[in-house]
Chemist: 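Okay, here's the structure, questions in a sec.
Everything numeric in this text was worked out from a predicted model, so none of it was measured. Convention: sequence-line order gives letters A, B, ...; per-chain numbering from 1.
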Amino acid sequence: MTDDETPLERERRAKAERLRGEGREPYPWSFVGRVPSDDVRLRCSTLAPGEEAPGEPVRVAGRLKAFRVHGKTAFGDLEDRAGTIQLLLRADSMDAGEFERWLRDLDPGDIVGADGVPAVSKRGEPSVHVRAITLLAKAIAPPPEKFHGLQDVEERLRRRYLDLLASPETRALFRARSQLVREMRQYLDAAQFLEVETPVLLPVAGGAAATPFVTHSRYLDADVPLRISLELPLKRLLVGGLERVYELGRAFRNEDMDTTHSPEFTELEAYWAYADYHDMRRLVEGLFGHLAERVRPLLPDSAAAQQAARDFTPPFATVDFVDELERRSGIRDLLAKGVDELRELARGIGSTVPDRSGPGVFLDKLFEHYVEPHLERLTFVVDHPSVTTPLAKRHRSKPGRVERFEMFYRGFELGNAYTELNDPDEQERRFREQLGGPGGDAYAYDADFVRALRHGMPPATGIGVGVDRVIMGLTGTASIKDVILFPLVRPR
RNA sequence: GGGCCCGUAGCUCAGCCCGGUAGAGCAGGCGGCUCUUAACCGCAAGAUCAGGGGUUCGAAUCCCCUCGGGCCCGCCA
């Protein structure tokens, strides 16, 4: 068929053709009436070694993982979503010639169905004593090595299906991710939040400082950025009276990739009218505690996940942004320093951000350098200097600060929340101050958002959570690519 | 963008320091085996050593470039 066919593939393709020639379709349409493997295990639990239940025929289906042949007896390991079950084949239990045929034409990696009866092998392994085999899909390409699985990191990312089929741990991880995201939804639903969907394609990408991906609308003849945050559309919904909204969706940032940054990533953002950042903190602590409970049974074999579950159980540490930065750096009276002084301090730690950056940028650099690497355990950093944060409301009692918290774990940020700025004139001023900074990555000026605020947004709190990073935290994984099924990789 | 490391059979690895013409296991082929579970035993087969260039009588091995990947740093919510 293909030019790059390997001898192995030629051999397997020949088996498929041989079966076809015998009137057996190697890719049939369906296989109804099968039961999951754990169902058979249950039926076997009352049987003694060597015993079987002839009155209870069962049908199973899955991927053939291994095949051990002993002359006129053979054992196969069949894997389905419930686990594995052994197939026990004996020449004298099948129609004449069937045993030899399947020995010849079956390979590890094939998708097969089996009819038989629950049986426990003499060595005590729960099994299906097979009467008939049905090939459900011939695997032309061989599976990864049966014991070590797929080790090559690049191959695991580029060909995730191989990683999944070879690794029960990978399957368990992504099942856990799915379940944890579902738990996030249920938690917010129970708190009366409304799930909404806002646009990925926008006239202006705002709500954060990052370079967007830009595509083009032929109809509008206009460049259209993909969202870098979900924030501004969701706040418009508070203006519209929806009061409690959230969205779980993909955001896109055209930046470098590393172990905690993916160009497309999943964000959870929630906005809550008539509440402030103290309320939001209680909500998110409750959510983390809930997720910590749920991840424990999902990944019982992962010591890292079990440790992470403890780490995500409240109470959590709290540090004041300014106090902690001053304590760690030894710098005094940070808030009294002008932009020139802050620039010098940032230069002193090797930062290379542009000279024209605003004071907030330099403060962020100092915090990243002196504090963030130390935030190993789950920590809430609170009350940032206002110059770092254009979308938050000024602190009700601390001058020069905003009402904000960020959550850190293992040295990276998990999320960010404010008491939201809802004064339209101040919002406009803050946007304009940002524009004064260096081009590139300033917060984009969203004129329609300011206009929306002029119609009145109730006092509110909001939060953005990096879902992939929370999943990393809860599952104890090292790289964001480990929790994304198909991470972006360089074409080859 | 800078530094370090990796790329050998479909898969998992050895060989590289110290140059001498590529080795094992799994999977696949042939043969044997009626209770194995990383089954086992025997035989045969399978490799542009990521790609290109250089040094050398001789390069998987030493040097340079390119491609792909990982980690760290820088940049980046």
Side-chain angles (χ1 to χ4, degrees), chain A residues 4-15 49-50 65-78 84-93 99 103-104 106-109 119-127 129 139-159 162 166 205 207-212 228-229 231 251-263 265 267 349-354 357 361 364-365 368-369 372 388-389 391 406 412-416 440-441 443 464-466 469 478-479 481 487 489-492:
Chain A
D4 58 351
E5 181 181 63
T6 66
L8 267 81
E9 289 173 352
R10 232 184 335 270
E11 198 71 47
R12 285 165 170 251
R13 194 167 266 121
K15 294 180 183 182
K65 301 289 288 187
F67 208 44
R68 299 175 290 279
V69 182
H70 295 248
K72 296 281 185 281
T73 302
F75 302 90
D77 295 333
L78 192 73
T84 62
I85 189 73
Q86 178 168 270
L87 303 181
L88 196 173
L89 283 74
R90 282 173 46 169
D92 55 14
S93 304
F99 181 84
L103 243 55
R104 191 187 61 193
L106 232 40
D107 290 297
V120 172
S121 73
K122 289 175 188 168
R123 295 288 177 88
E125 181 72 25
S127 308
H129 187 167
I140 299 301
E145 209 257 7
K146 68 179 176 185
F147 185 63
H148 299 91
L150 191 63
Q151 293 298 320
D152 187 277
V153 175
E154 182 178 355
E155 284 297 293
R156 294 176 74 149
L157 299 178
R158 285 183 188 273
R159 306 177 71 197
L162 283 183
T211 308
I228 56 175
S229 143
E231 178 153 357
F252 307 85
R253 294 181 186 179
N254 204 344
E255 313 274 0
D256 288 0
M257 309 166 60
D258 61 33
T259 47
T260 56
H261 294 82
S262 170
F265 60 102
E267 256 205 302
I349 55 164
S351 171
T352 58
V353 288
S357 305
V361 172
D364 276 335
K365 287 294 138 203
E368 284 167 21
H369 179 261
E372 279 185 23
T388 63
T389 315
L391 293 162
E406 285 184 293
F412 57 83
E413 187 195 344
L414 295 178
N416 184 20
D441 286 345
Y443 282 64
V465 175
R469 291 178 176 186
S479 168
K481 287 178 179 173
V489 284
R490 196 178 297 277
R492 68 175 173 191

Chemist: Has A:Arg13 got a side-chain atom pairing as donor or acceptor with A:Ile140's backbone, closer than 3.5 angstrom?
Modeler: no

Chemist: Rounded to whole angstrom units, what separation is found between the CZ atom of A:Arg90 and the C1' atom of B:C35?
Modeler: 10 Å

Chemist: Taking the same atom, C1', in B:G58 and in B:G20, what whole-Å distance lies between them?
Modeler: 7 Å

Chemist: Taking atom types as they are modelled, would you say the side chain of A:Gln151 forms a donor-acceptor pair with the base of B:U12 within the 3.5 Å cutoff?
Modeler: no

Chemist: Across all strands, who's sitting opposite B:G7 as a Watson-Crick or G-U wobble pair, both distances under 3.5 Å?
Modeler: B:C67

Chemist: Just call it for A:Gly149: base, sugar-phosphate, or nothing, with non-hydrogen atoms closer than 4.0 Å on any strand.
Modeler: sugar-phosphate

Chemist: From C-beta outward on A:Asp107, which listed nucleotide comes closest to its side chain: B:U37, B:C11, B:G28?
Modeler: B:G28

Chemist: Is the side chain of A:Arg469 donor-acceptor paired with the backbone N or O of A:His261 at a distance under 3.5 Å, no angle test?
Modeler: no

Chemist: With A:Glu155, which residues qualify under salt bridge (Lys or Arg N to Asp or Glu O under 4.0 Å), at least two apart?
Modeler: A:Arg159, A:Arg492

Chemist: Are any of A:Lys15's side-chain N or O atoms less than 4.0 Å away from OP1 or OP2 of B:G29?
Modeler: yes

Chemist: Which whole-number value in Å describes the distance from A:Phe412 CZ to B:C76 C1'?
Modeler: 17 Å

Chemist: Could you please name the partner base of B:G46, counting Watson-Crick and G-U wobble pairs only when both distances are under 3.5 Å?
Modeler: none

Chemist: Can you give me the N/O atom pairs linking the protein to nucleotides 67-75 of chain B at distances under 3.5 Å, or say none if there are none?
Modeler:
residue	atom	partner	partner atom	Å
B:G68	O3'	A:Arg158	NH2	3.0
B:G68	O2'	A:Glu154	OE1	3.2
B:G68	O2'	A:Glu154	OE2	2.3
B:G69	OP1	A:Arg490	N	3.2
B:G69	OP2	A:Arg490	NE	3.0
B:G69	O4'	A:Glu154	OE1	3.2
B:G70	OP1	A:Lys481	NZ	2.7
B:G74	N1	A:Asp256	OD2	3.0
B:G74	N2	A:Asp256	OD2	3.3
B:C75	OP1	A:Ser351	OG	3.4
B:C75	OP1	A:Thr352	N	2.8
B:C75	OP1	A:Thr352	OG1	3.4
B:C75	O2	A:Asp256	OD2	3.3

Chemist: Report yes or no: does A:Glu372 contribute a side-chain atom to a donor-acceptor pair with the main-chain N or O of A:Phe412 at less than 3.5 Å?
Modeler: no

Chemist: Which value, in whole Å, describes the distance between the C1' atoms of nucleotides B:C72 and B:C26?
Modeler: 35 Å

Chemist: Give each protein N/O atom lying under 3.5 Å from an N/O atom of nucleotides 41-49 of chain B, with the pair distance.
Modeler:
none

Chemist: Paired with B:G1: which nucleotide, if any, by Watson-Crick or G-U wobble criteria at under 3.5 Å for both distances?
Modeler: B:C73

